[in-house]
Amino acid sequence: MFVYALTNSAAALERPTDVAVLIPCLNEAAGIAGVIEEFRRALPEAAIYVYDNASTDDTSAVAARAGATVRREPSRGKGNVVRRMFADVEADVYVLVDGDGTYDAASAPKMIALLAEQHLDLVCGKRIESDQQAYRQGHRFGNRVLTGFVATLFGNSVTDILSGYRVMSRRFVKSFPALSKGFEIETELTVHALDLRVPIAEVPTPYGARTAGSASKLNTWRDGWRILRTIARLVKEERPFAFFSSIGSILALTSIGLAIPIFIEFFETGLVPRIPTAILSTGLMLIAVMSFVCGLVLDTVTHGRRELKRMHYLAHRTVKTRRSTDP
């Protein structure tokens, strides 16, 4: 039975009745057995699922021998795997973790207990590197920059938006419209939680080096650019007035800048000799007004869509729990 403690209180705690550990993998044969063994010790009653993302090594065979339920997703990309896992697996609580051995399985019970006790929908594992080489400087800097963007636009409830270690409720998972294809899925998960204003928390967790013999699939510049594009797309879709009014403001200021010399010359001479510039200035101002109007209209549409997402989220049951003293 699961018995999770967050405090020294002798009071009985509630705990989830059904937990699934979801491990997306691409060529992780070197470390996946160790990850499964560690989570089996930390969460002995959890169902462990390994989704092989078209690996070219023995990831599936090694995971099956270690006792995990192995399934395959042929479309490459972590986002594709997460979308498949969320659709296939039924549970009350989902633990999403990478298969490279960098995350601490012993932190999972504490994260699950926090989710159940405080009725949260998302608990993120905030990475505290235990190995200096585990968290490269480029990745750390990129994470700070991207986290700052998200905090400015959507709120600062999460300080490590790229963490791959998350504990989620059923209603959060089943209402999450996973659209990303790659590593930007973590950003999408965070923004979805912030946009719906679901209860979330962070738990510091050790972050170590990858298992010897395995190689990272991350590329600082390529994946950073993809995540930035994802943030821009999410701003356009979730904050359309801010997005289009920013474009409109730039166009309007450009139009005014072009128009000022024309007006000065007109007041001095009564002539408008630079007709093309005047036409360009007028066109830019018209486009700016249209951009503002589009932002207003789309903001209303987004508000309605957000209400529908909220209702869909509420349609799913919350985490079912039982007392730790129950059989």
Side-chain angles (χ1 to χ4, degrees), residues 20-43 46-89 94-105 107-108 125 127 129-140 142-143 160 162-166 178-189 205-227 230:
V21 179
L22 308 180
I23 311 176
C25 285
L26 172 59
N27 296 332
E28 298 291 359
I32 187 59
V35 174
I36 294 170
E37 182 180 350
E38 289 176 4
F39 275 93
R40 184 70 71 199
R41 281 199 302 266
L43 304 170
I48 299 180
Y49 296 86
V50 171
Y51 273 68
D52 187 348
N53 193 205
S55 296
T56 56
D57 62 6
D58 295 329
T59 296
S60 292
V62 173
R65 286 197 298 269
T69 299
V70 179
R71 295 174 181 172
R72 292 173 176 80
E73 171 51 53
S75 300
R76 283 281 182 95
K78 188 174 182 179
N80 292 325
V81 184
V82 169
R83 179 165 50 250
R84 178 74 178 273
M85 289 190 297
F86 285 4
D88 289 355
V89 178
Y94 298 79
V95 180
L96 179 65
V97 66
D98 294 339
D100 55 11
T102 55
Y103 292 103
D104 179 44
S107 299
R127 291 172 287 183
E129 60 267 29
S130 55
D131 186 323
Q132 191 64 28
Q133 302 301 317
Y135 201 4
R136 287 181 281 175
Q137 287 292 338
H139 292 172
R140 189 183 293 108
N143 191 18
D160 187 3
L162 300 184
S163 173
Y165 197 7
R166 295 164 188 256
L179 301 175
S180 301
K181 297 180 181 180
F183 283 102
E184 60 270 30
I185 188 68
E186 283 95 355
T187 304
E188 191 177 5
L189 278 165
T205 180
Y207 184 70
R210 294 178 61 89
T211 304
S214 64
S216 176
K217 288 81 181 175
L218 292 172
N219 180 285
T220 302
W221 298 107
R222 180 196 64 204
D223 293 318
W225 173 245
R226 290 169 64 179
I227 292 167
T230 299

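- Contact detail for V95 and F39: the closest heavy-atom pair is CG1-CE2, 4.2 Å.
- Applying the side-chain hydrogen bond (donor to acceptor under 3.5 Å, both in side chains) rule to S107 yields the partners D104, T205; only residues at least two apart in sequence or on another chain are considered.
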Please tabulate, one pair per line, all N/O donor-acceptor pairs under 3.5 Å involving side-chain atoms of residues 60-69, not counting sequence neighbours.
unit_1 : atom_1 : unit_2 : atom_2 : d
S60    : OG     : D52    : OD2    : 2.4
S60    : OG     : R72    : NH2    : 3.4

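- In this structure, G99 and V35 approach most closely via the heavy-atom pair O-CG2, 3.8 Å.
- Under the side chain to side chain contact (heavy atoms under 4.5 Å, CB included) criterion, E38 pairs with R41, A105, not counting sequence neighbours.
- In this structure, the side chain to side chain contact (heavy atoms under 4.5 Å, CB included) partners of D57, at least two apart in sequence or on a different chain, are N27, A29, S55, T59.
- Residues M85 and L22 approach most closely at SD-CB, 3.6 Å, considering heavy atoms.
- Here the shortest heavy-atom pairing between P24 and V81 reads CB-CG1, 3.6 Å.
- Listed by chain and residue number, N80, A178 satisfy the side chain to side chain contact (heavy atoms under 4.5 Å, CB included) test with R83 (two or more places apart in sequence, or in another chain).
- Remark: the backbone N or O of A46 is paired with a side-chain donor or acceptor of R40 at under 3.5 angstrom.
- The aromatic rings of Y165 and Y103 sit tilted, their planes meeting at an angle between 30° and 60°.
- Of all heavy-atom pairs spanning S180 and E188, the tightest one is OG-OE1, 2.5 Å.
- Considering all non-hydrogen atoms of both residues, L26 and A54 come closest at CD1-O, 3.9 Å.
- Applying the ring pair (Phe, Tyr, Trp, His ring centres under 6.0 Å) criterion to Y51, with sequence neighbours excluded, gives no partner residue.
- The residue from V50, D98, L96 that alone fulfils the side chain to side chain contact (heavy atoms under 4.5 Å, CB included) condition with I23 is V50.
- The pair K78-E186 meets the salt-bridge criterion, with a side-chain N (NZ, NE, NH1 or NH2) lying under 4.0 Å from an Asp/Glu carboxylate O.
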Inset, instruction - Take R127 and L162 through the side-chain contact (heavy atoms from CB on, under 4.5 Å) test and state the conclusion after the steps. - result: CA-CA 9 Å; R127 291 172 287 183; L162 300 184; 3.7 Å; yes

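- Residues E73 and D88 fail the side-chain proximity criterion, which asks for heavy atoms closer than 4.5 Å.
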